[in-house]
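I have placed the structure first, in the form of structure tokens, so that the comments after it can refer back to it.
Protein chains get the first letters and strands the later ones, always in sequence-line order, with residue 1 at the start of each. Basis for what follows: all heavy atoms, side chains included, without hydrogens, waters or symmetry-related copies.
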Number of protein chains: 2
Amino acid sequence: MSGPSTPARPTMSDVAAAAGVSLKTVSRVVNAEGYVSTDTVAAVKAAIEQLGFRRNDAARQLRQGTAATIGLIFEDQSDPFYSTLARAVEDVALAHGSLLLIASSNGDPAHSQTIVDAFTSRGVDGLIVAPAAGTEPGLLQREAAAGRAIVFVDRPVPGVDADTVLADNVGGAAAATAHLVANGHRRIAFFGDDPGVFTATERLAGYSRALREAGLEPDDRLVRLAAPTADGLDDVIGGVLDQTDPPTALITGNNRWSIRMLRHLKAHASRAPLAFVGFDDFELADVLDPAVTVVAQAPAEMGRIAAELLFRRVGGAEEPIECIRIPPRLIVRGSGELPGPALA
Amino acid sequence: MSGPSTPARPTMSDVAAAAGVSLKTVSRVVNAEGYVSTDTVAAVKAAIEQLGFRRNDAARQLRQGTAATIGLIFEDQSDPFYSTLARAVEDVALAHGSLLLIASSNGDPAHSQTIVDAFTSRGVDGLIVAPAAGTEPGLLQREAAAGRAIVFVDRPVPGVDADTVLADNVGGAAAATAHLVANGHRRIAFFGDDPGVFTATERLAGYSRALREAGLEPDDRLVRLAAPTADGLDDVIGGVLDQTDPPTALITGNNRWSIRMLRHLKAHASRAPLAFVGFDDFELADVLDPAVTVVAQAPAEMGRIAAELLFRRVGGAEEPIECIRIPPRLIVRGSGELPGPALA
DNA sequence: ATGAAAGCGCTAACAT
DNA sequence: ATGTTAGCGCTTTCAT
């Protein structure tokens, strides 16, 4: 007699009793298996409606072994790059009748592992993971080997046999760099994420390659790799931009860095303007003055492709592992076209 | 003999057999129930490790009736307002050992209903919902009455007995309007979401109230309500801003509208500058020139509070239904302080 | 401290 | 077209 008595949820037996049929017939109707007479279907549906029956998917999952659910793991689900990607995954999942579990790893491999465990305990049919830097292959490879569908996005985990969808980071960063060179710049700075982060390293490599291809000497004094959320970045940036023989252009290695940089540049507006190309597009890049030239990734496309790969595997496809590179696209908006000394 | 033979996932019986104990003892160890000798614990843990056992939560859920999962339903999980809110919910859920199912309603009440069904079939312990405009109370009230924990955020559903976390939309919009009046503006335009959207109507009411309190006559020619994603908004906006006796200031009713407006203003820069206050903060508002004055909501706080309310209910709390209003905060950045005619 | 048996609500397999 | 039976892997209950 304590609390408001919550009416117990009706089960298929309750519906069966109400409709005067057997349990299995209710199951047939609920799952639209067919081979049930029109009258019976109507009677069962009426009983379902009247009792407010909803199938208990835990029981279904226990029996069938499928959760109709996939798990997403990102560093931070509120990062616009990942939330856009997640949305695209959701649309594909919906078409496959699947739901989405989402969790943020905070870039912590240990926590990431906890999430993988929690997801697999729940029997997710597959995982789409942007792995945290430093993720060991062990657990994931075990899952992959046990037949769990896994697709990596944005970053791979070497040692895990799983499909992977990556941006062409080297090519994109090289294109950004070449673009600045073509606009007359010779001293181009690069600000990227922590060197442990796969994309940061690849993008730095693309930058260096393009410099060399342009006959320019990479200069350590123009490169800084640090988490864009770190403290003291104003000093880090200032140390590069205010040195003797300073850069006349710069590249930021991801959207967090672009935004951090724009904030810095606004706070230090007395400095001579620098040409600026960001890796990854971001909202309002086109509205700023000058509008920000970017190498746009295609997060929605990456999400869609990753999800399609995943559901192919969930469906039992045995094709060889794929690694798909999505080419980024240079979007010229103004900030990257300020002429450098060689054109001045 | 088709495909790579996927090793069957080990169960508790397998672990029990390997460790030479009974099924129940394994269960005790896995769930840290205690009353197991140190040696036995060690033996069981070794077997778990060796076999790579993970508890099957579908079976657990079937028996216990709890999924350790909550469901989130938003219009669009990639909207920064909602993705920030979702992230805050996630942090609270994590502390309660719960995972997050997320789905986007696209503002469609029918699809929203499908999602609620899918979530409840899966036995979620609770729902956090930003309901689509036009949501009927029926299904949700049935769930609430059946004891499912529900918390509404951003918008209520009248007729459903559930806790609700809302912004003080009227107060916030009134503050934005009063701020512009105090800066000398007399003709202030308002661009908000569709009139079916709860927040749009409340914010419009706050705007009108503040005008009247300032002794100003609300003027229909200065107000437009439309989805910020609609086509042809440039004409809608132009129709207001380019009329005879045009406004000298404007308010946008949500972050999507703010961004839409900034894009329009940039494309029509020849027009005399208008004072501008946005409802809801957005990234880079501080970096634009002029920086955009906003009435900032607190999506993370709203998410945290909603989640805390939810888990209180999941835990069985029987307190009366609460409706919490979170006061927004005016952040003065420049765009809202351009002096109007009364101060010129 | 440990174990045996029953059963959660559903679907698979097999009748009829 | 419909029904019966067994059992998915776990937790609950009750012994010992």
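B:Asn31 comes within 4.0 angstrom of the backbone, heavy atoms only, and of no base.
In summary, A:Glu33 and A:Lys24 engage in a salt bridge, as defined by a charged side-chain N under 4.0 Å from a carboxylate O. Between B:Arg54 and A:Glu143 there is no salt bridge, since no side-chain nitrogen of the basic residue lies less than 4.0 Å from a carboxylate oxygen of the acidic one. A salt bridge is defined here as a Lys NZ or Arg NE, NH1 or NH2 lying under 4.0 Å from an Asp or Glu carboxylate O, and B:Glu308 with B:Arg304 meets this definition.
Within the 4.0 Å cut-off from OP1 or OP2 of C:dT11, at least one side-chain nitrogen or oxygen of A:Arg60 is found. An OP1 or OP2 oxygen of D:dC10 is reached within less than 4.0 angstrom by no side-chain nitrogen or oxygen of B:Gln64.
Closest to the A:Thr11 side chain, of the nucleotides C:dG9, C:dT11, C:dG7, is C:dG9.
Spacing between atom CG of A:Asp14 and atom C1' of C:dC8 amounts to 13 Å, rounded to whole angstrom units. Between the CZ atom of A:Arg9 and the P atom of C:dC10 there is a distance of 11 Å, rounded to whole Å. The distance from atom CZ of B:Arg63 to atom P of D:dC10 is 13 Å, rounded to the nearest whole Å. Following rounding to the nearest Å, A:Glu33 (CD) and C:dT11 (C1') show an atom-to-atom distance of 8 Å. Between B:Leu62 atom CG and D:dC8 atom C1' there is a gap of 9 Å when expressed in whole angstrom units. The interatomic distance linking A:Asp57 (CG) with C:dC10 (P) rounds to 9 Å, in whole Å. A:Gln61 places its CD atom 19 Å from the P atom of C:dC8, with the value rounded to the nearest Å. Protein atom CE of A:Met12 is 15 Å distant from nucleotide atom C1' of D:dC8, rounded to whole Å.
Remark: A:Gln64 CD is packed, more than 12 non-hydrogen atoms of other residues, nucleotides or ligands lying under 6.0 Å away. A:Glu319 CD: more than 12 foreign heavy atoms inside a 6.0 Å radius.
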Anything under 3.5 Å between a protein N or O and an N or O of nucleotides 1-5 of chain D, put it in a table, one pair a line.
{"from": "D:dT2", "atom 1": "OP1", "to": "A:Ser37", "atom 2": "OG", "distance (Å)": "3.3"}
{"from": "D:dT2", "atom 1": "OP1", "to": "A:Thr40", "atom 2": "OG1", "distance (Å)": "2.6"}
{"from": "D:dT2", "atom 1": "OP2", "to": "A:Ser37", "atom 2": "N", "distance (Å)": "2.6"}
{"from": "D:dT2", "atom 1": "OP2", "to": "A:Thr40", "atom 2": "OG1", "distance (Å)": "3.3"}
{"from": "D:dT2", "atom 1": "O4", "to": "A:Arg28", "atom 2": "NH2", "distance (Å)": "3.1"}
{"from": "D:dG3", "atom 1": "OP2", "to": "A:Ser22", "atom 2": "N", "distance (Å)": "2.8"}
{"from": "D:dG3", "atom 1": "OP2", "to": "A:Ser22", "atom 2": "OG", "distance (Å)": "3.0"}
{"from": "D:dG3", "atom 1": "OP2", "to": "A:Thr25", "atom 2": "OG1", "distance (Å)": "2.6"}
{"from": "D:dG3", "atom 1": "N7", "to": "A:Arg28", "atom 2": "NH1", "distance (Å)": "3.3"}
{"from": "D:dG3", "atom 1": "O6", "to": "A:Arg28", "atom 2": "NH2", "distance (Å)": "2.8"}

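B:Ser104 and B:Asn106 are not linked by any side-chain donor-acceptor pair at a separation below 3.5 angstrom, with hydrogens and angles left out of the test. For the residue pair B:Ser121 / A:Arg60, no side-chain donor-acceptor distance below 3.5 Å is found, with atom types taken as modelled.
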side-chain hydrogen bond (donor to acceptor under 3.5 Å, both in side chains) between B:Arg122 and A:Thr69, worked out:
CA-CA 10 Å; B:Arg122 251 153 265 223; A:Thr69 302; 2.9 Å; yes
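Closest approach of B:Ser105 and B:Ala132 over heavy atoms only: OG-CB, 4.1 Å.
With axes fitted over five pairs at each extremity, the angle between the ends of the helix from C:dA1-D:dT16 to C:dT16-D:dA1 is 30° (10° resolution).
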